[in-house]
Amino acid sequence: MRSDHMDVKHKIELLKRGAVDFVGEEELHEKLAAGKKLKVKFGADPSAPDLHLGHLVVLRKLKAFQDMGHEIVFLIGDFTGMIGDPSGKSETRKPLTRETVELNARTYQDQIFKVLDPKKTKVVYNSKWLSKMDLVSVMKLMSQYSVARMLERADFKERFKSNKEISIIEFLYPLMQGYDSVELESDVELGGHDQIFNLLVGRELQKSYGKAQQTVITMPLLEGTDGKLKMSKSYGNYIGFTDTPKDIYGKTMSIPDDLMVKYYTLLTDLSDKELKVMEKAIKSGELHPKKAKSDLAKILVSLFYGSDAADKAENEFDAVFKDNKLPQDIPLVKVSKNHLSDGKMSVSKLIHISGLLDSVGEAKRMIKGGGVKMDGKKITDENLLVDLGSEKLLSVGKRKYARVICG
RNA sequence: GGAGAGGUGGCCGAGCGGUUAAUGGCAACAGACUGUAAAUCUGUCGACGCAAGUCUACGGAGGUUCGAAUCCUCCCCUCUCCA
């Protein structure tokens, strides 16, 4: 089936929405016009199977391709994962065992298929071809690139300039990842903007190896909940696919207000027009930033858990943080008798034992700072003896609760 | 192979024989305020102990000293310049 010119143009516009880079538009245009079913590559390291909203940005774009009938090739970098993508504070990774890779890959798929259609997704492992390469092939691969070009990569450049270590093997990473594109004959490769260098290497290697070149599309990096650094597991500023509804909601509420428009742009289907309207409304005070945020929080919870869960999360949040009520599910902690003397224990110790805080000292400091309550009353005496004959409700701040009983 | 610089708490970064559990910044946590786990301001920020205090910590192992993150020896790691 052939698509007419306008149709193709429209599709490309749609695919371009929100993208930072879009390299190789002509090739894409030609293929779409010819009615070709595209192979869209998306690669992932099997080491961190905890996807977050940053990934969602890219996954949504993949979904757009899928909805147009194209095939997603989800590449699991089990081989390249042994090196690890150079990332600032790089360290040599311990090689993953086969089982770990399998397990991580499994988890990864469980997560991406919350967004993508498994039927239109092919999963491949790059160890299939990379582990079989002999030194001659590796040398051929290496001869395609120069050190100077490698150092163009922002990450390397920075480390080189500030005299940080760069291992030679890290130079191999972009080459191997790029070689995957040669092997797969991918038509399009998608990734976060931080992947631009690697993706372009893939495009160039395809040319060197006499293949058609892939179109490279990158999506912006989403700032994390701190509003500064990119969302990432290692910065601890992420909202994960597997987070509880409560956490997705709460973490979303902790995003700085002024990031709302960006989040809406990258994580929802609002059109550019609607976004503009919203931006204005927030500025003029018509739309309270909190409202924009709680709406977004609900959208996100719904995406992973459905709208009922979203409503529930909102109610719970309002109850706890707006009306100062208690959350619904407070874990019950049983304290063994051996820890008690005469059925009693000091609050500080109790807080530590019940797992609310990491040490007794910390609990004492919290009490001094006025952050601890028992049965709704603020505790001021850090040595207060608590009789565990009956259940006690402890809270530290508004986010940590435990019901404690002797058991 | 030679010469030099350096490795400090979650991160960045001072200190260079003793009032140093180690200045400062960031992050984190709590409090106040708020229609938010936004913003802002304040406080806390090694562990154990009711406490006096004890222990653990400045790449690793030894050593010198009444006393070491600070000096010495060896080892490991990183960077720079030269060959």
Side-chain angles (χ1 to χ4, degrees), chain A residues 87-92 156 158-168 170 223-240 243-264 282-283 285-298 300-301 313-325 327 339 341-342 344-353 355-373 378-386 394-401:
Chain A
S87 72
K89 45 180 154 179
S90 101
E91 51 205 63
T92 314
F156 288 142
E158 209 169 288
R159 278 201 273 162
F160 188 69
K161 259 164 69 183
S162 57
N163 297 335
K164 294 256 172 64
E165 180 187 7
I166 302 174
S167 158
I168 307 271
E170 293 182 69
E223 280 90 346
T225 51
D226 59 326
K228 289 175 205 133
L229 300 168
K230 71 168 182 180
M231 186 174 283
S232 130
K233 203 181 170 186
S234 47
Y235 295 142
N237 61 356
Y238 72 106
I239 300 177
D243 279 352
T244 60
K246 185 179 146 207
D247 276 344
I248 293 181
Y249 194 95
K251 285 184 185 178
T252 304
M253 292 309 284
S254 80
I255 298 163
D257 289 351
D258 36 322
L259 236 60
M260 275 312 96
V261 174
K262 181 156 192 191
Y263 265 67
Y264 270 99
I282 292 179
K283 255 188 199 151
E286 253 173 89
L287 176 63
H288 195 289
K290 194 218 163 192
K291 174 81 173 100
K293 204 148 63 175
S294 54
D295 284 349
L296 177 70
K298 274 168 82 175
L300 294 173
V301 177
E314 174 162 64
N315 291 337
E316 174 106 355
F317 185 88
D318 285 345
V320 175
F321 294 100
K322 210 167 105 188
D323 306 329
N324 280 315
K325 288 188 188 141
H339 290 294
S341 68
D342 213 11
K344 294 179 181 177
M345 177 186 271
S346 76
V347 239
S348 322
K349 205 161 184 180
L350 193 56
I351 288 169
H352 174 228
I353 290 203
L356 291 176
L357 291 173
D358 290 334
S359 73
V360 177
E362 199 180 352
K364 286 183 185 171
R365 279 181 239 121
M366 272 299 85
I367 290 169
K368 269 185 203 149
V372 175
K373 285 182 184 171
K378 189 178 280 185
I379 302 283
T380 46
D381 177 11
E382 61 194 51
N383 296 320
L384 180 75
L385 284 177
V386 180
L394 285 172
S395 65
V396 178
K398 283 186 175 179
R399 294 163 62 186
K400 294 193 187 103
Y401 296 86

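Distance, A/Glu286 CD to B/G35 P: 20 Å, rounded to whole Å. With rounding to whole Å, A/Lys398 atom NZ is found 8 Å from B/U36 atom P. Taking atom CG on A/Leu350 and atom P on B/G49, their separation rounds to 13 Å, with Å as the unit. The interatomic distance linking A/Phe317 (CZ) with B/U34 (C1') rounds to 12 Å, in whole Å. Between the NZ atom of A/Lys368 and the C1' atom of B/C29 there is a distance of 16 Å, given to the nearest Å. If you take CD1 of A/Ile282 and C1' of B/G35, they are 15 Å apart, rounded to a whole angstrom. Across the protein-nucleic acid pair, A/Phe321 atom CZ and B/A30 atom C1' stand 13 Å apart, rounded to whole Å. Taking atom CD1 of residue A/Ile367 and atom C1' of nucleotide B/G31, one finds them 15 Å apart after rounding to whole Å.
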Criterion side-chain contact (heavy atoms from CB on, under 4.5 Å) on A/Lys290 and A/Lys322, from CA distance to verdict: CA-CA 12 Å; A/Lys290 194 218 163 192; A/Lys322 210 167 105 188; 4.1 Å; yes
One pair to check against side-chain contact (heavy atoms from CB on, under 4.5 Å): A/Lys400 and A/Leu357. What are the steps and the verdict? CA-CA 9 Å; A/Lys400 294 193 187 103; A/Leu357 291 173; 4.0 Å; yes
Extract from the structure each pairing of a protein N or O with an N or O of nucleotides 51-54 of chain B at less than 3.5 Å, listing the distance.
| unit_1 | atom_1 | unit_2 | atom_2 | d |
| --- | --- | --- | --- | --- |
| B/A51 | OP2 | A/Lys364 | NZ | 3.4 |

Below 3.5 Å between N/O atoms, which protein atoms pair up with nucleotides 25-28 of chain B? Just atom names and distances, please.
| unit_1 | atom_1 | unit_2 | atom_2 | d |
| --- | --- | --- | --- | --- |
| B/A27 | OP1 | A/Lys228 | NZ | 3.0 |

Enumerate all atom pairs, one protein N or O and one N or O from nucleotides 45-47 of chain B, separated by less than 3.5 Å.
| unit_1 | atom_1 | unit_2 | atom_2 | d |
| --- | --- | --- | --- | --- |
| B/A47 | OP1 | A/Ser359 | OG | 2.8 |
| B/A47 | OP2 | A/Arg365 | NH2 | 2.4 |

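Nucleotides B/U73 and B/U65 place their P atoms 16 Å apart, quoted to the nearest Å. Across B/U70 and B/A57, the matching P atoms stand 13 Å from one another, rounded to whole Å. If you take atom P in B/G62 and the same atom in B/G18, they sit 24 Å apart, rounded to whole Å. Distance check on atom C1': B/G9 versus B/U20 gives 13 Å, rounded to whole Å. B/U23 and B/A30 have their P atoms separated by 23 Å, given to the nearest Å. Only the P atoms considered, B/A39 is 10 Å distant from B/A27, to the nearest whole Å. When the C1' atom is compared between B/G46 and B/G10, the two are found 13 Å apart, to the nearest whole Å. Remark: the separation of the C1' atoms in B/G59 and B/C76 is 8 Å, to the nearest Å.
Contacts between residues 245-256 of chain A and RNA chain B, counted as heavy-atom distances below 4.0 Å, involve A/Lys246, A/Asp247, A/Gly250, A/Lys251, A/Met253, A/Ser254, A/Ile255, A/Pro256. Contacts between residues 287-295 of chain A and RNA chain B, counted as heavy-atom distances below 4.0 Å, involve A/His288, A/Lys290, A/Lys293.
Remark: side-chain polar atoms of A/Tyr235 are not paired, donor with acceptor, to backbone N or O of A/Lys230 under 3.5 angstrom.
The residue among A/Asp257 and A/Val372 whose nearest nucleotide of RNA chain B lies closer to the 5′ end is A/Val372. Nearest-nucleotide positions on RNA chain B for A/Gly369 and A/Arg399 put A/Gly369 closer to the 5' end.
The residues A/Lys262 and A/Glu223 are annotated as salt-bridged, a charged nitrogen and a carboxylate oxygen being separated by less than 4.0 angstrom.
Secondary-structure stems of RNA chain B, taken as three or more successive Watson-Crick or G-U wobble pairs (i with j, i+1 with j-1) under a 3.5 Å distance threshold, comprise B:1-7 with B:76-82, B:10-12 with B:24-26, B:28-32 with B:40-44, B:46-48 with B:53-55, B:59-63 with B:71-75.
Donor-acceptor pairing under 3.5 Å, judged by distance alone, is absent between the side chain of A/Asp318 and the base of B/U36.
Partners of A/Asp226 under the side chain to side chain donor-acceptor pair (under 3.5 Å) rule, at least two apart in sequence or in another chain, are A/Asn237. For A/Phe321, the ring-ring contact (aromatic ring centres under 6.0 Å, His included) partners two or more places apart in sequence, or in a different chain, are A/Phe317. Judged as a side chain to side chain contact (heavy atoms under 4.5 Å, CB included), and not counting sequence neighbours, the contacts of A/Leu384 are A/Val347, A/Met374, A/Ile379, A/Asp381. Annotation: side chain to side chain contact (heavy atoms under 4.5 Å, CB included) contacts of A/His339 (sequence neighbours excluded): A/Val335, A/Ser336, A/Met345, A/Ile353.
Smallest separation of non-hydrogen atoms from A/Pro245 and A/Ala313: O-CB, 3.9 Å. In terms of heavy-atom proximity, A/Tyr264 sits nearest to A/Asp295 at OH-CB, 3.3 Å. The two atoms that bring A/Ile166 and A/Phe156 nearest to each other are CD1-O, 3.6 Å, heavy atoms only. When all heavy atoms of A/Ser346 and A/Leu385 are compared, the pair lying nearest together is N-CD2, 3.7 Å.
Taken from NZ in A/Lys373 to OH in A/Tyr401, the straight-line distance is 7.5 Å, to the nearest 0.5 Å. Atom NZ of A/Lys378 sits about 12.0 Å away from atom CD1 of A/Ile367, to the nearest 0.5 Å.
A/Lys322 has no side-chain polar atom (N or O) that falls below the 4.0 Å cut-off from OP1 or OP2 of B/A37.
Applying the side chain to side chain donor-acceptor pair (under 3.5 Å) test to residues at least two apart or on different chains, none of the pairs has a partner in residues 357-370 of chain A.
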Contacts under 3.5 angstrom, residues 249-259 of chain A side chains, donor-acceptor by atom type, not counting sequence neighbours:
| unit_1 | atom_1 | unit_2 | atom_2 | d |
| --- | --- | --- | --- | --- |
| A/Tyr249 | OH | A/Glu314 | OE2 | 3.1 |
| A/Lys251 | NZ | A/Tyr238 | O | 3.1 |
| A/Lys251 | NZ | A/Asp243 | OD2 | 2.8 |
| A/Thr252 | OG1 | A/Ile248 | O | 2.5 |
| A/Ser254 | OG | A/Lys251 | O | 2.8 |
| A/Asp257 | OD1 | A/Lys293 | NZ | 2.7 |

